[in-house]
Structures are given as structure tokens and as C-alpha cells.
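Just so it is clear, the model here is predicted, and its values are computed rather than measured. Counting starts at 1 for both ligands and their atoms, following the listed order.
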Amino acid sequence: MAKTITLFNNKGGVSKTTTCFNLGWMLASRGLRVIMVDADPQCNLTGMVLELSAEDALEEFYNVNPGVNLKEALEPAFKSRPVPLQPVDCIPVPGRDGLYLIPGHIALSEDETSLGIAQQLSESLQGLRNLPGSFSHLFKITADKYDADYVIVDLSPGLGAINQNLVATSDYCLVPCSPDIFSVMAIDSLARILPRWMDWARRANKLEVLAEADYPFPEPRLKFLGVVVQRFRVRSGKPTQAFQKYFDKLNEAILDSLVPALRRTDLLLSATKYRDSGMDSHYVLAEVPDFNTLIAHSQQTRKPVFALTREDVGRGGRLWSNQEASIDSFRDTFEELAQRVIKLTDGS
Ligand SMILES: Nc1ncnc2c1ncn2[C@@H]1O[C@H](COP(=O)(O)OP(=O)(O)OP(=O)(O)O)[C@@H](O)[C@H]1O
Ligand SMILES: [Mg+2]
């Protein structure tokens with residue numbers, strides 16, 4: 001059965017989408033079947049996969065491909081239509097066999113209010129009982145159709161009802177962050193929010209009205225995979241002093257605040273699991289330095305930085321050999337990240 005991984009941090013701009021795309025690509029290049037889900041109304045992940053440079057390109061895509069996006073696929077549940085949810089016809093990601101996308105929708109945020117009301121678990125729940133279990137049901141039937149090993153979900157920044165639902169009903173969550181003061185603060189807030197969301201999910205799972213829904217609320221089973229620290233400058237192979245300071249502060253927040261909170265609420269895997277996957281004691285899955293000039297080529301070619309070729313970069317001679325070394329090093333980093341994720345999640 002496919003494993004669902006959410007990429008979550010309420011802080012914006014910390015490489016959630018970039019990590020989703022790169023991790024998904026790397027897992028697929030190792031022969032695994034991966035469905036990425038764009039659950040962010042900003043639709044940045046969708047923009048990384050589809051050619052959307054023309055104005056109205058997304059509208060045009062929705063018109064030509066009805067039902068091929070997260071919002072429309074969930075409509076039978078959200079509009080109480082008497083038809084069951086159907087697996088999504090995912091978009092195969094160009095250039096990477098085994099990798100698929102459920103595109104996002106800019107109007108997904110319109111569903112947030114009804115989901116929020118349903119998730120208050122009050123008397124008004126009866127009419128909205130199919131909403132809380134609908135996302136995980138949709139992912140399950142779509143993953144079954146594609147025989148997927150992983151469903152990787154890119155979330156918006158923020159603490160809305162959709163993120164609450166997707167994180168609390170996923171198998172694993174991974175927290176991208178940057179070495180800066182805002183990410184340190186965000187780790188502290190995750191230490192409060194994740195336990196609160198899991199309490200809620202455990203209560204929701206016990207409610208008869210949700211158990212009897214067409215899409216029953218699943219048994220919560222979330223576990224924390226770790227953090228990916230991204231976008232810092234290196235000198236002689238190490239983060240510069242200015243960044244190192246924030247690495248230290250992040251480590252402190254993870255160990256002193258996040259991990260104890262996750263341990264109390266049973267959101268950690270066993271210590272052996274983290275150790276066997278080769279992680280250090282700070283739950284860091286990967287450290288990814290700034291992509292520098294490679295980011296532009298990656299965006300142009302809609303490929304991860306580690307999959308860029310000499311042709312993509314359009315460089316000769318010494319310039320290429322510098323870039324090639326940098327691409328190889330990013331490939332090693334993302335390969336290690338993928339291996340750790342596979343090991344932690346018992347993927348094969
Ligand atoms: N390692 C990196 N080096 C350089 N640029 C990066 C790196 N990772 C991400 N970026 C760039 O930083 C910006 C923000 O990244 P991304 O969109 O992945 O963050 P996000 O957390 O998904 O943001 P949001 O919260 O808005 O969804 C993007 O322009 C992306 O190309
Ligand atoms: Mg994003």
C-alpha cells in the first residue's frame with residue numbers, strides 16, 4: 001500500500017515545493033512509483049511540472065483536462081453529489097518515468113471553510129461528514145490505480161483546515177526549513193501544533209458519525225521523518241559562520257522543543273530507525289546548500305538541479321566542469337535523502 005508523506009512547515013518559502021519535486025523525482029529514478037499532490041492553492045508544484053508561462057495557462061489546463069486537479073476530484077464530496085469519488089487521471093511528469101502529479105487548483109482555498117466547519121466536530125457535522133475522510137480516500141484510490149509506492153503531498157504555508165487534515169491523516173511528515181530565525185520560531189510552533197492536530201485526529205477517528213461516512217476518517221498513524229535544512233551558503237564545504245549560528249539554533253529547537261513534544265504524543269519512530277538510516281541525533285535528513293546559478297536552469301528545463309545535463313546548462317570547458325561537480329554533489333545529497341526516506345518508511 002502506498003505511503004503518504006506530507007511536506008509541512010507553516011513558514012513560507014522554505015523549499016517545501018522544491019523538496020517535494022526533487023524527492024519525488026529521486027524516488028522515481030530509483031524505480032519507485034510516486035504520485036506528487038499539489039495541495040497548495042499557489043500551485044507552484046503544478047507550475048514546476050506543466051508549462052504555464054502563458055497567461056491563463058492554468059485556466060486553459062483546467063478546461064482541457066476536467067477533473068484532473070485536486071479540487072475538482074474532491075467535488076463529489078464537497079458538493080454532496082450522489083456519485084463516489086473517482087481516482088484522478090494523474091499527469092505523467094515529463095522526463096521522469098514513474099513520477100505523476102495531481103495538479104493543484106487556485107480555488108482549493110474555497111473548500112477550506114466547509115472543511116474547517118466539519119473539522120470542528122460539532123453537531124453541524126452530519127451534513128459534512130464526508131469531508132474529513134475525503135482527501136485520504138482520494139489518495140488511496142488514486143495510488144491503487146497507479147500501483148504507487150509513495151504519495152508525496154506539497155502543502156501551503158499556514159495552519160488552515162486543509163493542512164491540518166492532510167498532515168494528521170498522512171503516514172509521515174517531513175519538515176523543510178531554512179537556517180534563519182523564522183524557521184527556528186516555526187519549529188517551536190510545530191512543537192505545539194502537531195500534538196494538537198493529532199489529538200484532534202484521534203478524537204475524529206473515534207466519532208461514530210465519521211466512521212459511518214462514505215469516506216470514513218482514517219486511523220491516525222503519523223510519524224515524523226525529520227527536517228531538511230535548505231538554502232545556505234558554504235565555504236570550504238561547510239555552512240558559513242553566519243549560517244552555522246542558525247544551524248545550531250535549529251538543532252537546539254528541534255532537540256529541546258520539537259522532539260519532546262513529538263515523543264509525548266507518539267509521533268516519533270523508534271530511535272533505532274533514525275539511527276539505522278544514518279541520521280545524526282538532530283533528525284536532519286539532508287542539508288541542501290544554495291543552488292546558486294543552477295536554479296535558473298532547473299526552472300527553465302523543469303528538472304531538478306541534480307538531473308541537469310551539459311546541454312541543459314549550455315556551458316563548455318572549465319565552467320562546465322565546475323557546474324558538473326556541483327550537480328554531482330546535489331545528486332549525492334538527494335540520493336542520500338531518498339535512501340533515508342525509503343529506510344525510515346520501510347519502502348523497498
Ligand atoms: N536550495 C535552494 N537554493 C536556491 N534556491 C532555492 C533552494 N530551494 C528553493 N529555492 C528557491 O526558493 C524559492 C522558495 O522555494 P519553494 O517554493 O520550494 O518554497 P516553499 O516552502 O514551497 O514556499 P511556499 O511556502 O510559498 O509554498 C523558490 O524560488 C525556489 O526556487
Ligand atoms: Mg510551496
Side-chain angles (χ1 to χ4, degrees), residues 5-26 36-50 52-53 58 69-70 101-106 108-109 112 152-160 162-163 166-167 173-180 182-187 189-190 193 227-235 237-240 242-243 246-247 250 284-308 312-313 323 326-338:
I5 303 176
T6 40
L7 284 100
F8 175 59
N9 190 331
N10 53 321
K11 164 89 182 70
V14 289
S15 302
K16 292 180 291 293
T17 305
T18 309
T19 308
C20 181
F21 184 64
N22 290 355
L23 175 63
W25 188 291
M26 189 52 97
M36 300 185 294
V37 182
D38 189 349
D40 180 357
Q42 297 180 101
C43 296
N44 292 333
L45 180 64
T46 305
M48 287 174 94
V49 172
L50 303 176
L52 295 177
S53 50
L58 207 45
N69 64 74
L70 184 58
L101 172 75
I102 299 182
H105 198 295
I106 35 185
L108 179 67
S109 38
E112 188 115 41
I152 306 188
V153 189
D154 183 33
L155 300 179
S156 64
L159 303 173
I162 294 175
N163 286 359
L166 291 174
V167 171
C173 84
L174 185 161
V175 175
C177 51
S178 314
D180 60 35
F182 303 107
S183 278
V184 175
M185 288 159 65
I187 293 286
S189 89
L190 289 179
I193 288 144
V227 304
V228 175
V229 191
Q230 191 132 207
R231 224 180 162 181
F232 52 90
R233 299 210 176 268
V234 286
R235 199 170 297 137
K238 288 202 150 111
T240 57
F243 282 113
Y246 287 112
F247 268 89
L250 267 178
V284 176
L285 285 159
E287 293 178 356
V288 186
D290 201 292
F291 297 139
N292 292 321
T293 55
L294 293 176
I295 189 79
H297 300 295
S298 158
Q299 283 164 351
Q300 258 159 26
T301 56
R302 296 201 299 282
K303 281 179 175 180
V305 285
F306 56 77
L308 292 171
D312 294 330
V313 174
Q323 299 219 316
S326 168
I327 291 168
D328 287 347
S329 155
F330 283 119
R331 189 177 310 112
D332 291 346
T333 303
F334 280 98
E335 246 164 26
E336 188 172 65
L337 169 63

Closest to atom 11 (C) of ligand 1 (judged by heavy-atom distance), picking from Q230, Q42, R231:
R231

Relative to the heavy atoms of [X], which atoms of ligand 1 are at a distance of less than 4.0 Å?
X: D40; answer: 27 (O)
X: G12; answer: 25 (O)
X: V14; answer: 19 (O), 20 (P), 21 (O)
X: P289; answer: 1 (N)
X: Q299; answer: 31 (O)

Any protein heavy atom sitting closer than 4.0 Å to atom 28 (C) of ligand 1?
no

Tell me the protein heavy atom at minimum distance from [atom], and give that distance in Å.
atom: atom 3 (N) of ligand 1; answer: F291 N, 2.8 Å
atom: atom 23 (O) of ligand 1; answer: G13 N, 3.1 Å
atom: atom 8 (N) of ligand 1; answer: S15 OG, 2.8 Å
atom: atom 17 (O) of ligand 1; answer: T17 CB, 4.0 Å

Sub-4.5 Å side-chain heavy-atom contact between [X] and [Y]:
X: W25; Y: N22; answer: no
X: V49; Y: M36; answer: yes
X: F21; Y: I152; answer: no
X: T19; Y: Q230; answer: yes

What do we get for K16 next to ligand 1 when only non-hydrogen atoms under 4.0 Å count, side chain, backbone, both or neither?
both

Relative to ligand 1, is T18 under 4.0 angstrom through side chain, backbone, both or neither, heavy atoms considered?
both

Closest contact, heavy atoms only, L166 versus T6:
O-CG2, 3.4 Å

Cut-off under 2.8 Å, centre the Mg ion (ligand 2), protein N/O/S atoms
T17 OG1

Testing the 3.5 Å rule here: is there a donor-acceptor pair between the side chains of D38 and T46?
yes

Those residues that, when tested against S189, pass side chain to side chain donor-acceptor pair (under 3.5 Å) (two or more places apart)
N10

What do the steps show when you test F232 against F247 for ring pair (Phe, Tyr, Trp, His ring centres under 6.0 Å), and what is the final call?
CA-CA 10 Å; F232 52 90; F247 268 89; 4.9 Å; yes

Donor-acceptor contacts, no H, no angles, side chain residues 289-297, under 3.5 Å, sequence neighbours left out:
residue, atom, partner, partner atom, Å
D290, OD1, N292, N, 2.8
N292, OD1, R233, NH1, 3.0
T293, OG1, Q323, NE2, 3.3

Could you grab the distance from atom CZ of R231 to atom SG of C177, nearest 0.5 Å is fine?
14.0 Å

May I have all residue pairs that pass salt bridge (charged side-chain N to carboxylate O under 4.0 Å, His left out) and include part of residues 294-303, sequence neighbours excluded?
E51-R302, K303-D312

When you measure from the side chain of E112 to the backbone of I162, do you find a donor-acceptor pair of N or O atoms at a distance under 3.5 Å?
yes

